[in-house]
Protein chains: 2
Amino acid sequence: MRTSCPSTMLPFLQKLETRSILTEEEKRIILDLPFRPMRVAANQDFVQQGEELTHSCFILEGMVGTFGQNKRGERQITSVFMAGDMIDLNTVVIPQAIADLQALIPSTILQVPHSALRRAAGQYPGIAEAFWRECVIDAAVLNEWVMNVGRRDARSRLAHLLCEIACRTGRKPIEDGYSFPFPITQNQLADMLGLTAVHVNRTMKGLREDKIIDTVHRTVKILNWIRLTQLGEFDPAYLRLGGADSGCGGPVPVPLPPMQMVQ
Amino acid sequence: MRTSCPSTMLPFLQKLETRSILTEEEKRIILDLPFRPMRVAANQDFVQQGEELTHSCFILEGMVGTFGQNKRGERQITSVFMAGDMIDLNTVVIPQAIADLQALIPSTILQVPHSALRRAAGQYPGIAEAFWRECVIDAAVLNEWVMNVGRRDARSRLAHLLCEIACRTGRKPIEDGYSFPFPITQNQLADMLGLTAVHVNRTMKGLREDKIIDTVHRTVKILNWIRLTQLGEFDPAYLRLGGADSGCGGPVPVPLPPMQMVQ
DNA sequence: CGATTGTTTGACGGGTCTCAAACTAAGTGG
DNA sequence: CCACTTAGTTTGAGACCCGTCAAACAATCG
């Protein structure tokens, strides 16, 4: 277990700082968090539902999904995480895996012990709030997913997902011609959308024919961002990614002052 | 704004204590939380998506749902809250409504100012953790709902929802013959399940014909709990309601020691 | 270059939606 | 307490979106 390596915990700090204000001391605590790197192959489960956990998982590289299964074995991916995301900060307060965790592509995971995370949160209310806020944003995404699978047809559903991934991938403003890697199987896409792979394929074909997106290899190219967001009824505000300069046109989030300053 | 009335904040404290350990001092802080009561009629929106909020809403009595709409005006209820639930503790750390809030039946809401909640959380890490944990459990429910609307057919979907509501309503163990009030329109049910009211009606009829449930007036009576949970593929663990004595057969949650005690 | 995995396309079937109307329960005013 | 009104439930017939099954094709990998 390495105990200090700012260059790898840095993306975690950066993610936190897009949504929360941290003091210099708090930043250092985050950067000094201990971790153990772990390589995970595509389609490999590395956490099982119900399992007692002693650490949270940070994605240094790759893409990970949480999922559940039917009695009939049909999978539903309930959320997706990508490089820079701490997947299961929620297990810090409920150390039991709520769902299976599987790498969607080969990924590098950093395991960060709960003990260190709890110590940080307990000593620095600003950190506790930042962690709490991350969990709340993850829940906001879940909320959108319920909306997505519940009340949108296949075309709209796919459009929404692509918008979300595009925004979460991109640091730059999203405009026509923007492309991002999305090395995801149509089967995995189907499991995210509550559809079948066959229907995802046809739906994607439709988007391509209408010149809304294009797919080359495993990269998605956005041809008509406006149409895509309209189709997906997508408003990026819930992602809390930052201001207009994040490329999603959402309102600039005003981070609250740390809790300990509030009297 | 009343500033002390233990008898009304008591249900909030009780809810927290089923999942978190609080010190005597922390309990008193919770009971002394200020609030302003508000009466809300059925089908009345009382929070709009995007709205800046200065308080969270506790349900003293009634039932409330969060929901979104698509362009065609079709609603999706993304989560349901009932008496004893603090609906939007998440807005303490992100004071912007993520979704509309609507009373599903006539309800009594207690508005608790964020300032008081933040002060409590900032001064008492145990309270911060308890709040954070509540948000995480709400997210776990959302996770199940994605699974529900994504990969279960109407019958299974309805069964799962009824199981969830039964567990969240009941203090006693659930057994055949258990009945609980569920004064919800089939239209509202449809919006929770991502179905149409017509299909909800037919599906419910099927459950009645198979002697799995019965409905009299607006009360659901469970005739065959085992069958219902099997149909809904329901495992109550994610609800974190307590031990076997909660009637849901889940594992007894072991609350963590307060964060400040962890070194 | 062969084997495996993922994509694409076609034909058909089924679960759910849509539209419509009858029926029932609940609430309202005289 | 009774007409009246409104909201919610129930049932039927037909249409449609998406699933299922199957097979050909393309891409990836060792």
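Labels below follow one simple rule: chain letters A, B, ... track the order of the sequence lines, proteins then strands, and each chain is numbered from 1.
- Atom CZ in R151(B) sits about 13 Å away from atom P in dC18(D), given to the nearest Å.
- Note: CZ (F182(A)) to C1' (dT7(C)) measures 16 Å, nearest angstrom.
- At whole-Å resolution of the value, CE in M204(A) and P in dC18(D) are 16 Å apart.
- Atom-to-atom, CZ of R218(B) to P of dG8(D) comes out at 7 Å; the value is rounded to the nearest Å.
- For V198(B), taking side-chain heavy atoms from C-beta onward, the closest of the listed nucleotides dT16(C), dC21(D), dG12(D) is dG12(D).
- One finds a side-chain N or O of Q186(B) lying less than 4.0 angstrom from the OP1 or OP2 phosphate oxygen of dT10(D).
- Between the CD atom of E209(A) and the C1' atom of dT9(C) there is a distance of 12 Å, given to the nearest Å.
- The side chain to side chain contact (heavy atoms under 4.5 Å, CB included) test with V47(A) singles out one residue from T91(A), L53(A), D100(A), and that residue is L53(A).
- Annotation: of the two residues near DNA chain D, K205(B) and R157(A), the 5′-most nearest-nucleotide partner is K205(B).
- At a cut-off of 3.5 angstrom, counting only N and O atoms as typed in the model, there is a donor on one side and an acceptor on the other between the side-chain of R202(A) and the base of dG10(C).
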Would Y238(B) and E164(B) count as a side-chain hydrogen bond (donor to acceptor under 3.5 Å, both in side chains) here? Give the steps. CA-CA 10 Å; Y238(B) 72 98; E164(B) 180 188 316; 3.3 Å; yes
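- Computed from coordinates, the I105(A) CD1 to dT28(D) P distance equals 15 Å when rounded to whole Å.
- When heavy atoms are screened at a 4.0 angstrom cut-off, R208(B) is found touching the sugar-phosphate backbone but no base atom.
- Between T8(A) and P11(A), the shortest heavy-atom distance links the atoms O-CD, 3.2 Å.
- Whole-Å rounding puts the N43(B) CG to dG8(D) C1' distance at 12 Å.
- Of the candidates dT18(C), dT28(D), dT9(C), dT9(C) carries the atom nearest the N201(A) side chain, counting heavy atoms from C-beta on.
- Closest of all the heavy-atom pairs between Q48(B) and A97(B) is O-CB, 3.3 Å.
- At a cut-off of 3.5 Å, with distance as the only test, no side-chain donor of H160(A) or E233(A) sits close to an acceptor on the other residue.
- Interface residues of residues 188-196 of chain B facing DNA chain C, ordered by number: G194(B), L195(B), T196(B); criterion, heavy-atom separation under 4.0 Å.
- The side chain of T185(B) approaches dT9(D) more closely than any other nucleotide in the set dC21(D), dT16(C), dT9(D).
- To the nearest angstrom, P of dC17(C) lies 12 Å from CG of N187(B).
- Remark: H217(B) is in phosphate contact with dA26(C), judged by side-chain N or O atoms under 4.0 Å from OP1 or OP2.
- Within a 6.0 Å radius of NZ in K211(A), other residues, nucleotides and ligands contribute 12 heavy atoms or fewer.
- In terms of heavy atoms, C167(B) sits closest to L241(B) at O-CD1, 3.4 Å.
- When the nearest nucleotides of DNA chain D are assigned to R72(A) and A197(B) by heavy-atom distance, the more 5′-ward of the two goes with A197(B).
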